[in-house]
Amino acid sequence: MKRFLFALLAFLTVLLPCLAAFAADNDIFIASGEADMGTSEVTVFSPSAFDLNAQKRYTEEQVNRAVRLALGDFSFLDTDDEFREAETAFGDEETGEGDRAQGFDISAQKLYTEEQLDRAIALALERASNGARASWTYLPGYIVYSQANEDNSGPACVQAALKYINGSAPAQSAVAGACGTNSNGTPLKNMQAYLNGSQTRTLYHFDRDSGIGVFTYRLYMGVAVVDAPPIVGLSFSEEEGWYYTASSHFMSVYGAMSDYERFALADPYVGYAQSELSGVGWSYAMSGTQVFNAYDEANMGFIY
C-alpha cells in the first residue's frame, strides 16, 4: 500500500506541472474556485479582432499560388524528376552581414483567411469547369443606404458594408462622426480604420496606386473571395456615361464579372432627397474601364 501511495505521489508530482504548462501554452486560464471540479470554472481565451496569432493568414501572392496549383499549373514551381539533396552548412559558419529583413507589416499588404483562400480555389475551379465563361458574382442581399446629406457618401458606404458583414449597422450620423466627416467629405483611411475596428471577418486594406489590371482584379477578389464590399473614391461626369457629374464621391462594389469587365455599384447619392435622380436605380453596372478612370481621376484610393 505504501509503495502504491509513493508511486501515486510521484505520478502527480510529474503530472501537475505538465498540466500547468499545457494550460499556459494553450491560453487556457483556470479561475479561482473550490478544488472540486464541479464548482471551479474554466475560461478559454478568445482572441481579439485581427489577432494574427489566432488563425493562419495568407498573402495575395499565396492565394494566387494556391489557385494556380488547384488549376494544375505547376510552371512556377522548381521541379525535378530526380531526388535532389539540399545544400548543407554548419551552424557556426559566417553568413555575412546582409540586410536584415523587416518584420511582417500587416498594413503593407492584404491578408486573407483560410476560408477566403478556399473560396478563391472553389471559384477558380468552377470557372475552369465552365470553360472560363464570364459570369456575375454578387454579395447576396446587399443593401444600398442613401446618404443623409451631400457630404455623407462615405459614411453611407461604410454603413452598408457593416450591415452586410455584421447583419446590423450604426446610424449613419454615428459613422460620420467617428470617421471625421465634414464639408470636405470623409478621409478614406478613416473609413478603413472604422471598418477594421467594427467587425472581425475581414481586414480592409487601402490602395491608391494600382493600374487598371490590379485595380479590377482586387475589386473582383473583394466581392468573390473576401465576401465584403470594396469602397472606391470616384470622380466622373455625365459625358463619361454616368448618371450625373461628381468631383468627389464614394460608392461600394457589390457585384463583379469574373472577367473584371463590369462591376455592380451601390450609389448612395441616387437615394439622396436632393439628387433629382428619381426613377434611376440606386445600383447599376459600369464597365471596368469606366470605374478605373473615375477612380484614377479622383485619386482618393479604394479599400478592399
Side-chain angles (χ1 to χ4, degrees), residues 22-29 43-79 101-130 132 135-142 158 161-168 192-207 210 213-231 252-258 260 302-304:
F22 174 81
D25 290 342
N26 289 276
D27 292 326
I28 297 176
F29 304 97
T43 302
V44 179
F45 173 70
S46 179
S48 59
F50 302 119
D51 179 0
L52 293 183
N53 295 318
Q55 59 178 315
K56 180 68 175 177
R57 294 273 180 164
Y58 299 90
T59 65
E60 199 157 7
E61 180 182 359
Q62 290 167 336
V63 171
N64 289 333
R65 286 171 63 92
V67 168
R68 291 176 67 180
L69 289 172
L71 295 175
D73 177 8
F74 305 100
S75 60
F76 62 96
L77 298 178
D78 181 13
T79 59
Q102 294 183 347
F104 194 72
D105 181 4
I106 64 169
S107 66
Q109 57 184 305
K110 180 71 177 179
L111 299 178
Y112 299 88
T113 65
E114 194 155 5
E115 179 182 357
Q116 291 164 346
L117 172 66
D118 291 341
R119 285 173 63 90
I121 293 173
L123 283 165
L125 293 174
E126 180 181 356
R127 186 179 177 189
S129 66
N130 290 336
S135 58
W136 280 100
T137 296
Y138 294 99
L139 301 178
Y142 192 74
V158 171
L162 288 177
K163 175 65 175 178
Y164 179 76
I165 295 170
N166 289 340
S168 61
Q192 174 199 13
Y194 184 81
L195 278 168
N196 286 341
S198 302
Q199 47 82 37
T200 59
R201 201 178 73 193
T202 190
L203 183 64
Y204 271 90
H205 182 65
F206 175 85
D207 188 359
S210 291
V214 173
F215 172 75
T216 53
Y217 163 78
R218 286 179 171 168
L219 292 187
Y220 175 76
M221 289 284 282
V223 173
V225 176
V226 182
D227 190 32
I231 298 175
S252 53
V253 180
Y254 72 96
M257 288 286 286
S258 56
Y260 322 147
F302 70 108
I303 55 177
Y304 66 101

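Computed from a prediction, not measured in an experiment: that's the story for all the values here.
Annotation: side chain to side chain donor-acceptor pair (under 3.5 Å) contacts of Tyr217 (sequence neighbours excluded): Asn64. Residues forming a ring pair (Phe, Tyr, Trp, His ring centres under 6.0 Å) with Tyr112 (at least two apart in sequence, or on another chain): none. With sequence neighbours excluded, the residues satisfying ring pair (Phe, Tyr, Trp, His ring centres under 6.0 Å) with Tyr260 are Tyr220. A search for salt bridge (charged side-chain N to carboxylate O under 4.0 Å, His left out) contacts involving Asp207 returns Arg218, not counting sequence neighbours. Under the side chain to side chain donor-acceptor pair (under 3.5 Å) criterion, Tyr194 pairs with no residue, sequence neighbours left out.
Atoms OG1 and CZ, from Thr137 and Arg119 in turn, are 8.5 Å apart once rounded to the nearest 0.5 Å. Rounding to the nearest 0.5 Å places CG of Leu162 at 5.0 Å from CG of Leu195.
Shortest non-hydrogen contact noted between Ala124 and Val67 is CB-CG1, 3.4 Å. Considering every non-hydrogen atom in both Leu125 and Ala70, the closest pair reads CD2-O, 3.4 Å. Closest approach of Val63 and Leu117 over heavy atoms only: CA-CD1, 3.8 Å. Of all heavy-atom pairs spanning Ile121 and Ala66, the tightest one is CD1-CB, 4.0 Å. Residues Val223 and Leu139 share a closest heavy-atom pair of O-CD2, 3.6 Å.
Side-chain atoms of Asp227 and Gln116, non-hydrogen and from C-beta on, never get closer than 4.5 Å to each other. When side chains are defined from C-beta on, Leu219 counts as touching Phe302, because their heavy atoms get closer than 4.5 Å. Contact annotation: the side chain of Ser252 approaches that of Tyr142 to within less than 4.5 Å [non-hydrogen atoms, C-beta and beyond].
Both the sub-6.0 Å distance and the 45° axial angle are not jointly satisfied by Lys110 relative to the ring of Phe206.
Checked by atom type and distance alone, the side chain of Thr216 pairs as donor or acceptor with a backbone atom of Gly213 at under 3.5 Å.
Listed by first and then second residue, the salt bridge (Lys or Arg N to Asp or Glu O under 4.0 Å) pairs that reach into residues 65-75 are Arg68-Asp73, sequence neighbours excluded.
With a 6.0 Å radius and a threshold of 12 heavy atoms from other residues, nucleotides or ligands, Glu115 has its CD atom at or below the threshold.
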Dump the intermediate steps for side chain to side chain contact (heavy atoms under 4.5 Å, CB included) on Tyr204 and Gln199, then the final yes or no. CA-CA 10 Å; Tyr204 271 90; Gln199 47 82 37; 4.2 Å; yes
